[in-house]
Amino acid sequence: MCTFEQELSWSYVWNRMGDLSAVPQEKIVDYLLERLENGQIYTWVGTLLLAINPNGEIITDNIYDLSRVREYDNICNIIHKEVPPHIFAIAARAHNRIVQNLGRSNQVIVLNGETGTGKTFNAWKALEFLTRSVSLDGHERQDVCGIVRRISDVCRLISAFTTASTERNKASSRHVQLVWLEYKLGGICGASISSYLLERDRVTKGCCNFQIFYQMMAAIANVEFADTKLSKDQQYVILTPCDLDSSRVQEPHKDFCETLRTMDMLGFTEDQKKDIFLILSLLIHMGNIQFVQEDDHCEIDVNNQQSREALKNTCWLARVEEQDIAELLTSILINPRSTRRRHSSCRRNLSTSDACRYRLHSIIRHLYHLLFHWLINSVNEILSTRSYSERLGILDIFGFERFNLNGMEQLCINYVNERLQQYFVEKYLVSCRNDLQKEGLINAEEPTEIVQSYVDRINAIEKYLFTTLNDMCLSTIPNNSSTLISHVCARSCPTTRRFLNVINENFIVRHYSGTVEYSASNLFSKNTDKIPDEISITFNLSKNKFLYSLINKSKPCNDGKVKKPTMLSKLRCNVDLLIEELNRCDTHYVRCIKPQRLHNHEWDRENLRQQLANTGILDVLPLAKCKYPVQFIYKDFIKRYNKKRAEVYNLHNACKNILEPFRLIMDDGQSSVHYGKNLIFLKESTFLQLESVRKQYRAECVKKIESFWIKHRKNQPQQNNAQAIVPVNVQHDKSRFEKSLLERERIILIQDISRYISGNCIEILMPIARKNAYILHWLDGVNKLEDTKNIKPLLLERLRKDCNHNHLVDVNYSKEIQLRDTSHKFSYVNKFRTRNTYEKHSRYYNEKEDMYVIEHGTSTLFYKKGILSRRRPAKIPIRIHIRDRCLTNSHYLVHSELPQGLQDCL
C-alpha cells in the first residue's frame, strides 16, 4: 500500500515534465510503462531524450501535429517553463544552437537503439520539424520551401535503395547516413548526404533484398522496363520468390510510383531513370548465371535454360560479348610484375564452381555499390549549395541485431553499434562526469570499470577476431573456418575470453547489448570480397555508356603494393571516418527502446530494464540528477550577456550582477545557477530567460540604430539645383537611383547589425556607420555635380572635404577625361591616381567603360552601375588560371565573381 505522501510524490514526479532522473531507480520501469499507456512516449534523462516505440498499441499521431512546430521553434520565448520531452525539442535545441551561435558550427542528432525501436521514424520526424520551422516571407520562403521538398524527396528515394525486411522489422534501414542541413545566416540554404556504410552483401543474400528490386518487379509492365528482359513468370536467385506472389505486391507497386514521382521532382531525366533501371535489371539477370565444373576448370552452364537466358540478357544489357563475360566470371587475368615480362599476360581458370559464384557475387555487389554512390553524388549536386557556414546533421544507423542465425552482416552491424556506444560512453558519460566532479557538483567516482570494459571488448573483436580473419583471407594458403577458430583460440588470453569465445564451431561475442552467436561458416567468402581487376577491362568494351562511366569513375589509385582491403578492414575505416566527423560536432542523443509483451500479454519488465541498461540510460541517471544542463565558461558568459564593454576583472561578481534581475530560486527550493571553479551552470529555464532578454535587447538596438540612421539620412543638406550624372547604360531616373542607394544602405546596415551586435553593440557599430556615411556621402556628391566643366576640381574638393584626411594631399588626377552627350546625360571615366601607382594600375583603365576608378593611398575603388567595390567588375563570365605563375599577380587576371558592392568596402 502506498502512503498519502508517496502518492503526492508520484503526482509531483508526473508533473516534472517527464524527467526520469526524479524517479527512484526501482520505480523507473513502472514510471515509463505508465507514461506509455497515457500516450507519452518521450522522456527526458538529463539532456538525453528517451524514445519508446509504442508498436501500434498506443495512438500517438496527435503528438506530431505540425501546428506545434512554432511552439518548439520559438523555444527561447518560453519563460519559466521547462521544455517538454519530444523529438521536436531535440531538433529545436540543435537548431537554436546554430541560429544563436552557441557551441560549434556543426550540430548532430544521434539516434541509437536495437533494430525495430523506431530510430528511422524519429529521424524522419526530426527532419520534418527542421524543414518546417522556417519563418521567411516572399521569394526567400519559396526558395527554402523548395529546398525542403527536395530534401524530403531525396530521403524517400535513398530509402528505396537502402531499406530491406529482416526477421524483426519489415522496413529496416541497412545503411548508415548523415543527412546534413546546410545553414547560412540562420536559415537553411541547402543539404547534403554523407554515406558511410551500406550492407552490400544483402544484394546477393538471396532473400530480403532492398526494396527497389521488389518495386521494379511489382511494376514490371511499366514503360520504364520495356528493354529490361524481366518477367514476372521467371524466378530470380537474388530475390525472394514468395514476396512476389504475396498480398504485399500491390504495396511495392505504389512505392514504385512514388519513387518515379520523386525522381521527376528531383529533375532526373528519362535517360537517367532508364540507365538506373537497366543497371538494376542487369544485376538481377547476373544473379541467375550458374556454373558447371569440368575436369580442371569451370564454365557457365549453358545447358541450363535459366542460366543460358541469364547470360544472354546480361550481355545484351551490358552491351558486351558473351566470350568477354565468360572470361571475366571463370578466369583470372595474371599480369607479371617482372620488368622482363611486363608486356605478357595469361589467364588462369577457376577450378571450382564456388569460386566462380563468389566472383560473380562480388561483381554484383560492386556494381550496386557504384550505382548507389552515383545516386548519392547526383542528389548532393541537386541539394548542396557549398556556401554554408553551419550544418545540422541527423545520423540514422541500423540497430543492434540478434537473430537465430547470425553471420557476417550481423557482425558488421553490431560492431558499428559497439563503436558508437563506446563513443557515447567516453564523450558523454565520462567527460561530463569529470567536468561535474571538478566543478564540485557530484562526488561519484569515475566509471573506470565501464570504460575499461568497452575498451577490452573492442580490442577483443578487432585485434583477435578481425585481424586474424583478415590475415587468413589475404593469405595464399587455403584456409577454412576450423583453421580460423584454432588461430583465434591460440591467440586469446583471459581478458579476451571474457568477451570472445568459441562454442560448437561458432564465435560467441559478449556485446554491450547482449551475447550473440555468429556462424563461422561463411566468414571467409564474405570477408574476402575481392573485386576483380579485370572488371574494368571487360566493361571498358561496353557500349552501355552509363555502365562504362560507372566503372571508369571508380578506378582506384593502386600501385600494386597495397593489399586488397577486406570487408572488415573497409568497415573499420568507414567507422573511423564517422567517429572523426562526430568529433567535430556538438552531439544531441536520442536513445530508442521497444517494450515487449510476454505470452500472457503482460509487459516484459525485465527486458525493458535490460534495454535501459544496454543503451546506457541507467549509467547516465547519476549525471541526469544534476539539474544544470547548460554550462558556460565565465568569459564566454560575460561576452554573450554583458551589456557593458568595460573590461571585467572579477568574473564571478560580474556573472552574479548579470543574473541578479532573474528569479534564481525555483519552486522546489533549489538554485537555478551553480557557480563552479571554471564554469557557470544554468538550469534550462534560466538559460531560456537569458536568451529571451538578449533577443529582445538586440531587437531594441537594431531599431535604435536604424531610426538614427534614417533620421541622419533625412537631415542631410540637399542641393536643389543639382544635376544627376549617371552612367548612360543605367536607365533609371535620379529618384529611383537615390532610392536604390538608400535601400542598399539599409540592407547593409541590417547585415552589419546582425553580424556584430551584442551587449556592447552600439560602440562596435558606430565606426561602421560612420564609414558607411562617408561612402554614401561621396556617392551623393558624384550624383549632384552642378556643371560638367567643374567635374575634376569638384570631385577632388569633395573627397578632401568629406574625408578630411591628410593622405589625400598627394591625390592627383589625369588629364584624360572623356565626356559624351547622349540625351542630356553625361557619361565619363574619371581617373584619380597617386604619383607612384598610375603605371602599376594603368592596365585596369578602359575609357570605353562607364565606370569611375578612384585611387588614394593604397586603396582602389571601382564604381559602376550603382555598385561601389574594391574589386574590378567582371568583363566576361570566365575565370583564367595560369599554371606555374605566382599568385601574387592574380589581381591582373579576369575575375568571374561579381563585386559584392558596398559590403567589400567595410
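Residues: numbered from 1 along the sequence shown. It should be emphasised that the depicted structure is a prediction, and the values quoted were computed from it without experimental measurement.
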Among R150, R156, R149, side-chain hydrogen bond (donor to acceptor under 3.5 Å, both in side chains) partner for D153: R156
Would you please classify the geometry between the H86 ring and the F88 ring as parallel, tilted or perpendicular, with 30° and 60° separating the classes? tilted
Hydrogens and angles aside, do E401 and T166 bring a side-chain donor and acceptor to less than 3.5 Å of each other? no
Six-ring centre of Y697, R694 cation under 6.0 angstrom, axis tolerance 45°: no
So among R93, R97, R640, which one has a salt bridge (charged side-chain N to carboxylate O under 4.0 Å, His left out) with E691? R640
side-chain contact (heavy atoms from CB on, under 4.5 Å) against A91, all qualifying residues, sequence neighbours excluded: I109, A126, F129, L130
F632 and F687 aromatic ring geometry - parallel, tilted or perpendicular at 30°/60° bounds: tilted
Geometric class of the F400/H511 ring pair [parallel <30°, tilted 30-60°, perpendicular >60°]: perpendicular
Please tell me whether Y423 and R419 have a donor and an acceptor in their side chains that are separated by less than 3.5 angstrom. no
Pick one: which of F372, F210, F161 meets ring-ring contact (aromatic ring centres under 6.0 Å, His included) with H175? F372
Between the side chains of N380 and S192, is a donor N or O closer than 3.5 angstrom to an acceptor N or O? no
Is there side-chain contact between V451 and Q422, with heavy atoms separated by less than 4.5 Å? no
Examine the side chains of N614 and Q610 and answer whether a donor and an acceptor come within less than 3.5 Å of each other. yes
Listed partners of R584 passing side chain to side chain donor-acceptor pair (under 3.5 Å), at least two apart: E581
How about S172 and R174: does a side-chain donor come under 3.5 Å of a side-chain acceptor? yes
Give the minimum heavy-atom separation between T117 and N53, together with the two atoms involved. O-CB, 3.4 Å
Using only heavy-atom distances, determine whether the side chains of Y512 and T615 contain a donor-acceptor pair under 3.5 Å. no
Tell me which one of R391, E390, H95 satisfies side-chain hydrogen bond (donor to acceptor under 3.5 Å, both in side chains) with Y183. H95
Identify the two heavy atoms, one from V108 and one from C585, that lie closest to each other, and give their separation to 0.1 Å. CG1-CB, 3.6 Å
Side chains of V179 and Q177: does their closest heavy-atom pair fall under 4.5 Å? yes
